[in-house]
Amino acid sequence: MKKFAAPLLLMMISLLVFVMVSFLLNSRNGIEASADSNNIDHVRFKVTDEQPYRTSYHFQPPQNWMNDPNAPMYYKGVYHFFYQHNPYAATFGDKIIWAHSVSSDLINWIHLNNALEPSEPYDINSCWSGSATILPGEKPVILYTGIDHNKHQVQNLATPKNLSDPFLREWTKHPQNPLITPPNEVEEDEFRDPTTAWHGKDGKWRVIIGAQKGDEGKVILYQSEDFVNWTVSPKPFFATDNTRVIECPDFFPVYINSTNGVDTSVENSSVRHVLKISYQSKQHDYYFLGKYVSDKENFVPDEKFTGTSKDLRFDYGKFYASKSFFDYAKNRRILWGWVNESDTTQDDIEKGWAGLQTIPRKVWLDKSGKRLMQWPIEEVENLRGSKISITGKKLEGGSTLEVSGITASQADVEVLFELPDLESGELLEDPSEVDPQLLCSKPYASRNGQIGPFGLLALASKDLTEQTAVFFQIYKTPNRHLCLMCSDHSRSSLRQDLDKTTYGTFFDIDPNLKEISLRSLIDKSIIESFGDGGRASITSRVYPLLAIKRDAHLYVFNNGSQSVIISKLNAWSMKQAEIGLEGSIRCA
């Protein structure tokens, strides 16, 4: 036991420092770091509370541009989050780096100095996305895409400089980089984003990388015995026609009969596999459930990609380049997603920042085996403050009820609706011929249906001039019942220079369903909504002129001809998360 005493003591001291730094961050007015002109990390930051659209409990860097989540992981009691960041401007740039933050709970964060910066011929023009893998002996490594001196995309390896540091502040690039260069069957400037690797039954490591050849999107498989020397598979792991580049792939197993997560390398009869791909041309994340056949080195999806609303997505709103990891501390699969802005580039420059991350979500397989479920991690509930409850309230058709007594611009609301007989729902002869986004769009959101539209009016002005409607509408078809879930942005702001795309999706419901739930996390300019316990999710970015700060309101509404009952509604004001810099600690 003695040989474990020193590392254990060091870990305890490091975690104590972590807690102390978190306390100090909470006591500061604003966010600052020491200045050092020789290192791009050491820019003095100051973020004020005067910006109405900067979030309070969603992850954001102190300033400037952020996009893809790179390599979330759990190591020695600390959660790590790496992400794509332009440290120089609030727009995407030609010197993208890996920023790095740490947390004890995935909600409150300390920004560390950058993990990876362009410095070598193989990444001199940017360090793009990648993933982390924990090797045997609890040794984390990073595979990432470098943009080399020829503007080609190559794959590189980085390792921690000090494994005894739970914060993993310093990283060393491998002397054999680049480890993987573009094979002949892909384009040199469309070959990126290696996944977390998995260990096969034959003892070899495997990783997949997104790519393109002509109009075909590809996922390329590589194998290695030592994580340094990699061999390309002769055939694509996955491919789709007329989609162009596939980026930010993710591949992981999910239990068939459990909501627990499972390690990425598990392969047996108790799991199914998920392949997630991000289509740059569509700016959406799609996923496929299927069977991984390791001895044939391919993935067989249950359904082919159709390019229609039938395809499965993690989120039907603003959500892209997502990344998951297995949290072995709590036996769960955690998903992050990048949420970009819906205002103009000039707005971003004036704000001094762009991009944020969703609240991390737990992911598991639905009992039907046909789709994934998602739910905000339980830790976010620690930010709940003052609470208001409503029970047994009947909502007649055309009625609106204000949910008062909370901070509506910064809230968590859960509502359970009691439904009338579903046979009274509107008839939809062939839902495959209907675009759910069209059904959700104006004037459909405000029209009178049978069962619905009913739901929430979030970030609404007092007179409802501004409102973001998140709602359900129930339909019946010749052979099943459907729920339409929508997020209508058409009246989200009086501003005209915004992307006000309305989002929507269908999901099947039990014909005997008596109640349906809706949860929305509201945070100034983002609304994350989860329908029916997480069977569908929609993320929205909105920028109201009137409904900001104390002038924001929250309502429950029903525009259907049939009454619905609020069985139970709980809404909480949300406290601000502690997100700040570690201070003047320096990294190489």
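The analysis underlying the following values was restricted to heavy atoms, covering all of them including side chains, and did not include hydrogens, waters or symmetry mates. Just so we're clear, the structure is a prediction, and the values are computed from it rather than from any experiment.
A salt bridge links Lys330 to Glu379: one of the charged nitrogens lies within less than 4.0 Å of a carboxylate oxygen. Electrostatic pairing of Lys323 and Asp193 does not count as a salt bridge here, judged by no charged N lying under 4.0 Å from a carboxylate O. Under the 4.0 Å criterion applied to side-chain N and carboxylate O atoms, Lys218 and Glu185 are not assigned as salt-bridge partners. Remark: Glu297 does not engage Lys235 in a salt bridge, criterion side-chain N to carboxylate O under 4.0 Å. We find that Arg541 and Asp343 are not joined by a salt bridge, their nearest charged nitrogen and carboxylate oxygen being 4.0 Å or further apart. A salt bridge does not link Lys151 to Asp94: none of the charged nitrogens lies less than 4.0 Å from a carboxylate oxygen. Taking a cutoff of 4.0 Å between a charged side-chain nitrogen and a carboxylate oxygen, Lys351 and Asp348 qualify as a salt bridge.
Across every non-hydrogen atom of Lys173 and Leu116, the tightest pair is CE-CD2, 4.2 Å. Between Arg361 and Ser537, the shortest heavy-atom distance links the atoms NH1-OG, 3.3 Å. Residue Met574 comes nearest to Ala411 through the heavy atom pair CG-C, 3.6 Å, listed as atom of the first residue, atom of the second, then distance.
Going from atom CG of Asp165 over to atom CD of Glu170 covers 8.0 Å, rounded to the nearest 0.5 Å. To the nearest 0.5 Å, atoms OG1 (Thr468) and CD1 (Ile522) are separated by 9.0 Å. Rounding to the nearest 0.5 angstrom, the gap separating the CG atom in Leu157 from the OH atom in Tyr144 is 9.0 Å. How far CG of Leu356 is from OG of Ser525: 6.0 Å, rounded to the nearest 0.5 Å. Rounding to the nearest 0.5 Å places NZ of Lys362 at 11.5 Å from CD1 of Ile377. We find the OG1-NZ distance between Thr539 and Lys318 to be 11.0 Å, quoted to the nearest 0.5 Å.
When each of Phe299, Phe252, Tyr292 is paired with Trp198, the ring pair (Phe, Tyr, Trp, His ring centres under 6.0 Å) condition holds for Tyr292 and for no other. Checking each of Gln576, Gln410, Gln60 against Thr55 for a side chain to side chain donor-acceptor pair (under 3.5 Å) leaves exactly one that passes, namely Gln60.
Aromatic pair His284/Tyr503: ring centres not closer than 6.0 Å. Aromatic rings of Trp336 and Phe325 (six-membered ring for Trp) have centroids beyond the 6.0 Å cut-off, not under it. Checked against a 6.0 Å centroid threshold, the rings of Phe305 and Tyr279 count as neighbours. Taking the ring centroids of Phe326 and Tyr74, they lie at or beyond the 6.0 Å cut-off. You'll find the ring centres of Phe59 and Trp109 inside the 6.0 Å limit. Aromatic ring centres of Tyr83 and Phe81: separated by under 6.0 Å. Trp171 and Phe82 have their aromatic ring centers within a separation under 6.0 angstrom.
Side-chain atoms of Pro194 and Ser131, non-hydrogen and from C-beta on, never get closer than 4.5 Å to each other. Using a 4.5 Å heavy-atom threshold, the side chains of Met73 and Leu168 count as touching. At least one side-chain heavy atom of Trp338 sits under 4.5 Å from a side-chain heavy atom of Pro69. Contact of the Met66 side chain with the Gln357 side chain is registered, since non-hydrogen atoms from C-beta on lie closer than 4.5 Å. Taking the side chain as every heavy atom from C-beta outward, Gln374 and Glu528 never approach each other to under 4.5 Å. At a threshold of 4.5 Å between non-hydrogen side-chain atoms, the residues Pro253 and Val274 do not count as touching. Counting only heavy atoms from C-beta outward, the side chains of Trp353 and Pro61 never approach each other to under 4.5 Å. Within the 4.5 Å cutoff, side-chain heavy atoms of Lys276 are placed close to those of Cys248.
The environment of Asn184 atom CG is sparse: at most 12 non-hydrogen atoms of other residues, nucleotides or ligands sit within 6.0 angstrom.
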